[in-house]
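The structure appears right after this line, and notes come after that.
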Amino acid sequence: MSTTLYGGSASASDRRITVRDLAAAKQRGERWPMLTAYDALTARIFDEAGIPVLLVGDSAANVVYGYDSTVPITVEELLPLTAAVSRGTARALVVADLPFGSYQSSPHQAMTNATRFLKEAGAHAVKLEGGTRVAEQVAQLTSSGIPVMGHLGLTPQSVNVLGYRVQGRGEAGAQLRADAQALVEAGVFALVLECVPSELARELTAELSVPTVGIGAGNGTDAQVLVWQDMAGLTQGAPAFVKQYADLGGVLGKAATDFAAEVVEGSFPDEQHSYA
Ligand SMILES: Nc1nc(=O)c2c([nH]1)NC[C@@H]1CN(c3ccc(C(=O)N[C@@H](CCC(=O)O)C(=O)O)cc3)CN21
Ligand SMILES: CC(C)C(=O)C(=O)O
Ligand SMILES: [Mg+2]
């Protein structure tokens, strides 16, 4: 058993993080970070930085495939990215987002598609959006041995109904609470709370037996998640809850223009980067 889930880059344990480790961290009152990842190279960097949970988000729709929402992305588009992230990691628990339309129809449909992410792509768990309306799916998956992460609040796959707005304010808080309870009863190992008032997220975190993972939900949750390209400064017009920890967009843009200038002027490649 590791002493702490997150111990910086020199992690306390080399073995793969499990959902039981996350439950134990909640018991200890320990906070932990989660990031998205969509390829082997960045997954390895985050794994070596000690990030215990990596999410292959359907946000790949936006940041990898260039769609304007997560609605269009398919199982076939997400499977290879998930496989790359699994291959790039040794320690992180890899969670695969189930795309819109791949689980809503029935527990059988959820089972068929979730199974593909575990068997074909090496994911260790799946995530799906919604509360009471997907509780049967969650129960089917968890009782079959597939760990499920829930996702409530702003659920981007429902953008055509909800829009991109804070959820759970006022009266709507009671429905969100009921949904959270239904998901825990159905067996989720953790719950993402996206764009909900900080106070509601803090209360839910105290009430629920499983870890909460906030994104735009204040600092009262057990864990925090961000889309990695947002926190690293690669995306433009990121949501208001995003904090930029680097300016990779600036660094990459400069690398590209420096390379271009040296090619045009003929100074790259020099002798050091050529063969005799
Ligand atoms: N790059 C990226 N980052 C994300 O966090 C993200 C994605 N893509 N794609 C899938 C979803 C979509 N997400 C979004 C998209 C927009 C807002 C947004 O515009 N929020 C408003 C809230 C306004 C309000 O109700 O007060 C904002 O101004 O931040 C939030 C989350 C989060 N996810
Ligand atoms: C932002 C997280 C929670 C997500 O669902 C995604 O990246 O798709
Ligand atoms: Mg998602």
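Each ligand, and each atom within it, is numbered from 1 in the order the structure gives.
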Number the atoms of ligand 1 from 1 as they appear, then name those within less than 4.0 Å of a heavy atom of [X], with their elements.
X	value
Thr70	10 (C)
Leu154	30 (C), 31 (C)
Arg165	25 (O)

Within ligand 2, which atoms have a heavy atom of [X] less than 4.0 Å away?
X	result
Gly57	6 (C), 7 (O), 8 (O)
Ile215	1 (C)
Thr36	7 (O)
Asp97	4 (C), 5 (O), 6 (C), 8 (O)

In the protein, which heavy atom is nearest to [atom], and how far is it?
atom	answer
atom 6 (C) of ligand 1	Val227 CG2, 4.0 Å
atom 8 (O) of ligand 2	Asp58 OD1, 2.8 Å
atom 6 (C) of ligand 2	Ser59 OG, 3.3 Å
atom 8 (N) of ligand 1	Asn62 OD1, 4.0 Å
atom 18 (C) of ligand 1	Tyr164 CB, 3.8 Å
atom 27 (C) of ligand 1	Ala240 N, 4.0 Å
atom 2 (C) of ligand 2	Leu55 CD2, 3.5 Å

Query raised in the report: Given the rule that I, L, V, M, F, W and Y join up when any side-chain heavy atoms are under 4.5 Å apart, are Ile45 and Met34 in one cluster?
Result: yes
Query raised in the report: Taking a hydrophobic cluster as the set of Ile, Leu, Val, Met, Phe, Trp and Tyr residues connected by side-chain heavy atoms closer than 4.5 Å, whether directly or through intermediates, do Val159 and Tyr67 fall within one such cluster?
Result: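 Each belongs to a different hydrophobic cluster.
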Query raised in the report: Taking the side chain from Arg16 and the backbone from Thr89, do they hold a donor-acceptor pair closer than 3.5 Å?
Result: yes
Report task. Please confirm whether the backbone N or O of Leu208 pairs with a side-chain atom of Lys26, one donor and one acceptor, at under 3.5 Å? Result ->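 Judged by distance alone, yes, a pair lies under 3.5 Å.
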Purely on distance, is any nitrogen or oxygen of [X] under 3.5 Å from one on ligand 1?
X	result
Asp230	yes
Thr235	no
Pro156	no
Val166	yes

Query raised in the report: How many protein N, O or S atoms are found at a distance of less than 2.8 Å from the Mg ion (ligand 3)?
Result: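 Of the protein's nitrogen, oxygen and sulfur atoms, 2 lie under 2.8 Å from the Mg ion (ligand 3).
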Query raised in the report: Can you name the residues that form a ring pair (Phe, Tyr, Trp, His ring centres under 6.0 Å) with Phe189, not counting sequence neighbours?
Result: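 Scan of Phe189 (ring pair (Phe, Tyr, Trp, His ring centres under 6.0 Å), adjacent residues dropped) gives none.
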Query - Any N/O pair Lys127/ligand 2 closer than 3.5 Å - result: yes
Report task. Please identify each residue that fulfils side chain to side chain donor-acceptor pair (under 3.5 Å) with Ser105, with sequence neighbours left out. Result -> Gln109
[X] and [Y]: side-chain donor and acceptor closer than 3.5 Å?
X	Y	result
Ser59	Asn62	no
Glu265	Ser267	yes
Asp222	Thr205	no

Query raised in the report: Any chance CG of Asp68 has more than 12 other-residue heavy atoms, nucleotides or ligands included, within less than 6.0 Å?
Result: no
Query raised in the report: Counting only heavy atoms not in Glu136, do more than 12 fall under 6.0 Å of its CD?
Result: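 Check fails, neighbour count at 12 or below.
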Query raised in the report: Taking NZ, NE, NH1 and NH2 as the nitrogens, is one of them in Asp21 or Arg15 under 4.0 Å from a carboxylate oxygen of the other?
Result: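 Arg15 and Asp21: salt-bridged.
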Query raised in the report: CG/Leu98 to CD/Gln157 distance, rounded to the nearest 0.5 angstrom?
Result: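 One gets 8.5 Å once the value is rounded to the nearest 0.5 Å.
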Query raised in the report: Pick one: which of Val138, Thr132, Val148 meets side-chain contact (heavy atoms from CB on, under 4.5 Å) with Leu183?
Result: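 Of all the options given, the one that passes is Val138.
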Report summary line: Partner of Leu141 under side-chain contact (heavy atoms from CB on, under 4.5 Å), picked from Leu118, Thr115, Asn113, Leu128, is Leu128
Report task. Tell me, please: is Glu129 in heavy-atom contact with ligand 2, that is, under 4.0 Å? Result ->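 No, that is not the case, since the closest heavy atom of the residue is not under 4.0 Å from the ligand.
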Requested in this report: Kindly indicate, with the supporting measurements, whether the criterion side chain to side chain contact (heavy atoms under 4.5 Å, CB included) is fulfilled by Thr18 and Leu93.
Outcome: CA-CA 6 Å; Thr18 66; Leu93 179 85; 5.5 Å; no
Report summary line: So for Glu194 against ligand 1, with non-hydrogen atoms under 4.0 Å, the contacting part is side chain
Query raised in the report: At under 4.0 Å between heavy atoms, which part of Val63 makes contact with ligand 1: side chain, backbone, both or neither?
Result: side chain
Query raised in the report: Which other residues end up in the same hydrophobic cluster as Val263, if Ile, Leu, Val, Met, Phe, Trp and Tyr are linked when side-chain heavy atoms come under 4.5 Å apart?
Result: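 Traced through the cluster, Val263 reaches Phe259, Phe268.
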